[in-house]
There are 2 protein chains.
Amino acid sequence: MKKQITLKDIAKELDVSISTVSKALKNSDEIGHDTKEKIQAFAKLYNYRPNNIAISLKNKRTRNIGVIIPNIVHYFFATVVRGIENFANAHGYNVIVCVSDESFDKEVINMEMLANGSIDGFIMSLSSETQLKNDYNHIREVMDQGIPLVFFDRATDEIDCDKVIINDREAAYQAVNKFVNSGRKRIALITSENFLNVSDERAKGYFQALREHGIEIAENLVLKLPYIDIDEKVVQKFFSQNKIDAVLCVNEVFAVQCMRFVQKTGIKVPEDISFIGFTDGLLSKYATPSLTAINQHGEDMGEMAAKMLVEKIESEADEDTYRIEILKATLVERESTVN
Amino acid sequence: MKKQITLKDIAKELDVSISTVSKALKNSDEIGHDTKEKIQAFAKLYNYRPNNIAISLKNKRTRNIGVIIPNIVHYFFATVVRGIENFANAHGYNVIVCVSDESFDKEVINMEMLANGSIDGFIMSLSSETQLKNDYNHIREVMDQGIPLVFFDRATDEIDCDKVIINDREAAYQAVNKFVNSGRKRIALITSENFLNVSDERAKGYFQALREHGIEIAENLVLKLPYIDIDEKVVQKFFSQNKIDAVLCVNEVFAVQCMRFVQKTGIKVPEDISFIGFTDGLLSKYATPSLTAINQHGEDMGEMAAKMLVEKIESEADEDTYRIEILKATLVERESTVN
DNA sequence: TTGTAAGCGTTATCAT
DNA sequence: ATGATAACGCTTACAA
């Protein structure tokens, strides 16, 4: 248990003052050549490393970015974190990832934990529970403390701050267009039970496309599913009770599972029913048939968010202007659709 | 930009000393009832929060755990992180996740970054490049500094420290047994190109099972694949040139992709060829046919690792005894195998 | 060229 | 019951 060597230790050992050591290690030209050499050699020999915590306290800057994601097993969030890491590490920042697990309480606790000096700014996507409660006081508190915050994906209009999102509505709209253009008319939407703004946007795009094509909107063609433990029977009943020839799903887990369930009943994908799902992840790629998917460009989104945050952190002026960046989702065509 | 309020601010405002404020907020009974009330009320009103950084500096403890994982998109690592978070947050620790991206350099940089005071201990799984280079000096340095470290999954015998792993060899052995018991004899192994200890262990189990069943070991029944960009042709050639009736894959991505490739050539799974893959993730569950998989219990592993680390951190004595916990993998039977 | 001292926000020890 | 002071490790005016 060799304890970390400090400036003080070096100073004592070499019989100089602490500030001399500090300056020498910074290669300040206030310090004489010989002393500098001596000190640097000694520091290297004993493997001196400045203590981040002390520097943070002094500078009031940690070079840490706090990231709060709703869950970690979804491919999309994983790629966003990777994008954040890319940018952050390249710019000398650490990333502290916390997972809210779709829980309001965990989101609040994590944010409070991090806000007390551990980080210079937040990048986050709201938990479903938070969106359901529509309670954003913890966010406001953090912002009132002057901590910069960037939302990605699941943002809220209630809070004025930097955001980076994709054109969810437009992407859903295009997906439905694709269905219509290939001759499909009985188009279903499978979405999440809980109240996510992104799901809402996607639903809007879905309805808009139907409307513009003069296709009647039928409430019974919209199915809401829970995040976990999807009931096979419910899905199969949905498909047997309604004549459906195309389905838009708000995430790939829904899409891939539903494809499996309907195929079991003898339905052919894409001949009888076409599928398109949001999130172009591993599941989409390896499903049978492979899934035509909407790529949300998570890595780009993460890099963008990190860039926006770092700019805010490093800009001296605390202007009250906020940016909203909208990335374009792209459709990746695979086997689950026809042309 | 309302700056965080400090003890000093409260002291000045209430015209008492800083130490009085500190004690009052800790409910020390050194402080008179009235002053205490007054201070606590004021602190609450102005939403006082102790500064973590200052406390860390004072206590030489950060209550942060550094986690280094090789990548974040693999389901297994995601579940381990979740397990670590579970335990850590429940015990008042933050989790700082860094991703080495299977790169030695990134692993080293991340560890150095975190080791300089940001964290109280490490939980990590080695990058493939590190295992290939077989260079563990960065790990030794960290341990020499007295920072506790726990390996999970991809560990190395070169370093003496706490570890939590699964019985990879045994699990592979059992999987092959299952194949043999269902009448399969031409059993292939699909493993990773790079030199991962876990892959090696799994290969050992594979060979051991074959040997014990008196099945000839054929080098050409072992296929090594790169992590990304698997060449469909290579896989199909492998299956066409060798009569194969069962395959053990060291991860689910390999398994699911290979299943797709062979099915395209008209081969039936599991009738013609059975498949078993390591990692019981979403891919295994939603593949067609669904994949019989070896569950590595990532969440348990993460919790276990966090528990071991926190115990080390909080134990005063720095004994030099290390624990190796071996979790039991379990086989989850699905449609890609027969009985 | 080198050193002194204050300060970042907290806690703990030792006065008063 | 309250306060002064030192300390954690570092940076940086300001002296010398």
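Just so it is clear: chains get the letters A, B, ... in the order the sequence lines come, proteins before strands, and each one is counted from 1.
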Those residues of residues 20-27 of chain B lying under 4.0 Å from DNA chain C by at least one heavy atom: B:Ser22, B:Lys23, B:Lys26
Specify the residues of residues 34-49 of chain B, ordered by number, for which at least one heavy atom lies under 4.0 angstrom from an atom of DNA chain C. B:Tyr48, B:Arg49
Do you know the tightest heavy-atom contact between B:Met143 and B:Asp160? CE-O, 3.4 Å
Can you tell me the distance, in whole Å, between the [atom1] atom of [X] and the [atom2] atom of [N]?
X: A:Asn51; N: D:dA7; atom1: CG; atom2: P; value: 18 Å
X: B:Asp15; N: D:dA4; atom1: CG; atom2: P; value: 10 Å
X: A:Asp9; N: D:dC8; atom1: CG; atom2: C1'; value: 12 Å
X: A:Glu30; N: D:dA13; atom1: CD; atom2: P; value: 10 Å
X: A:Gln4; N: D:dG9; atom1: CD; atom2: P; value: 10 Å

Let me check something: any side-chain donor-acceptor pairs from residues 93-101 of chain B under 3.5 Å, sequence neighbours excluded? List them with distances.
residue: B:Tyr93; atom: OH; partner: B:Arg61; partner atom: NH2; Å: 2.9
residue: B:Tyr93; atom: OH; partner: B:Glu314; partner atom: OE2; Å: 2.8
residue: B:Ser100; atom: OG; partner: B:Ile69; partner atom: O; Å: 3.4
residue: B:Asp101; atom: OD2; partner: B:Lys106; partner atom: NZ; Å: 3.4

With sequence neighbours left out, write down each residue that passes side chain to side chain donor-acceptor pair (under 3.5 Å) with B:Asn51, or none if nothing qualifies. none
Which residues satisfy the side chain to side chain donor-acceptor pair (under 3.5 Å) test with B:Tyr136, sequence neighbours excluded? B:Asn134
Contacted region of DNA chain C by chain A, from 5' end to 3' end of the hits, cut-off under 4.0 Å to heavy atoms, spans C:dT1 to C:dG9
Show me the donor-acceptor pairs within less than 3.5 Å that the side chains of residues 26-33 of chain B make with the rest of the protein, sequence neighbours left out.
residue: B:Asn27; atom: OD1; partner: B:Lys36; partner atom: NZ; Å: 3.4
residue: B:Ser28; atom: OG; partner: B:Glu30; partner atom: N; Å: 3.0
residue: B:Glu30; atom: OE1; partner: B:Lys23; partner atom: NZ; Å: 3.3

Only one of B:Thr130, B:Leu126, B:Ile109 passes side-chain contact (heavy atoms from CB on, under 4.5 Å) with B:Phe104; say which it is. B:Thr130
Can you tell me which residue among B:Ile53, B:Leu57, B:Asn59 is in a side-chain contact (heavy atoms from CB on, under 4.5 Å) with B:Ile55? B:Asn59
Would you say the side chain of B:Ser19 and the base of D:dA4 hold a donor-acceptor pair, judged only by whether the two atoms sit under 3.5 Å apart? yes
Under the side-chain contact (heavy atoms from CB on, under 4.5 Å) criterion, do B:Ile65 and B:Phe122 qualify, and how do the steps go? CA-CA 6 Å; B:Ile65 290 177; B:Phe122 280 108; over 6 Å; no
How are the rings of B:His91 and B:Phe87 set to each other: parallel, tilted or perpendicular (split at 30° and 60°)? parallel
Give the ring-plane orientation class for A:Phe152 versus A:Phe76, where under 30° counts as parallel, over 60° as perpendicular and anything between as tilted. tilted
Hey, what bend do you get for the helix from C:dT1-D:dA16 to C:dT16-D:dA1 if you fit axes on five pairs at each end, rounded to 10°? 60°
Checking B:Glu102 now: which residues fulfil salt bridge (Lys or Arg N to Asp or Glu O under 4.0 Å) with it, not counting sequence neighbours? B:Arg154
May I ask you to say whether A:Asp162 pairs ionically with A:Lys312, meaning some side-chain N is under 4.0 Å from a carboxylate O? yes
Salt-bridge present (A:Glu303, A:Lys307; N to O < 4.0 Å): no
Residue pair A:Lys8/B:Gly32 against DNA chain D: nearer the 5' end by closest nucleotide is B:Gly32
Would you mind classifying the nucleic acid contact of B:Asp29 as base, sugar-phosphate or nothing, using non-hydrogen atoms under 4.0 angstrom? sugar-phosphate
Any side-chain donor near an acceptor of the partner, A:Ser22 and A:Ser19, under 3.5 Å: no
Tell me, please, which residues at least two apart from B:His297 pass ring pair (Phe, Tyr, Trp, His ring centres under 6.0 Å). none
Set of residues satisfying ring pair (Phe, Tyr, Trp, His ring centres under 6.0 Å) with respect to A:Phe151, sequence neighbours excluded: none
What residues from residues 53-66 of chain B pass a heavy-atom cutoff of under 4.0 Å to DNA chain D? B:Leu57, B:Lys58, B:Lys60
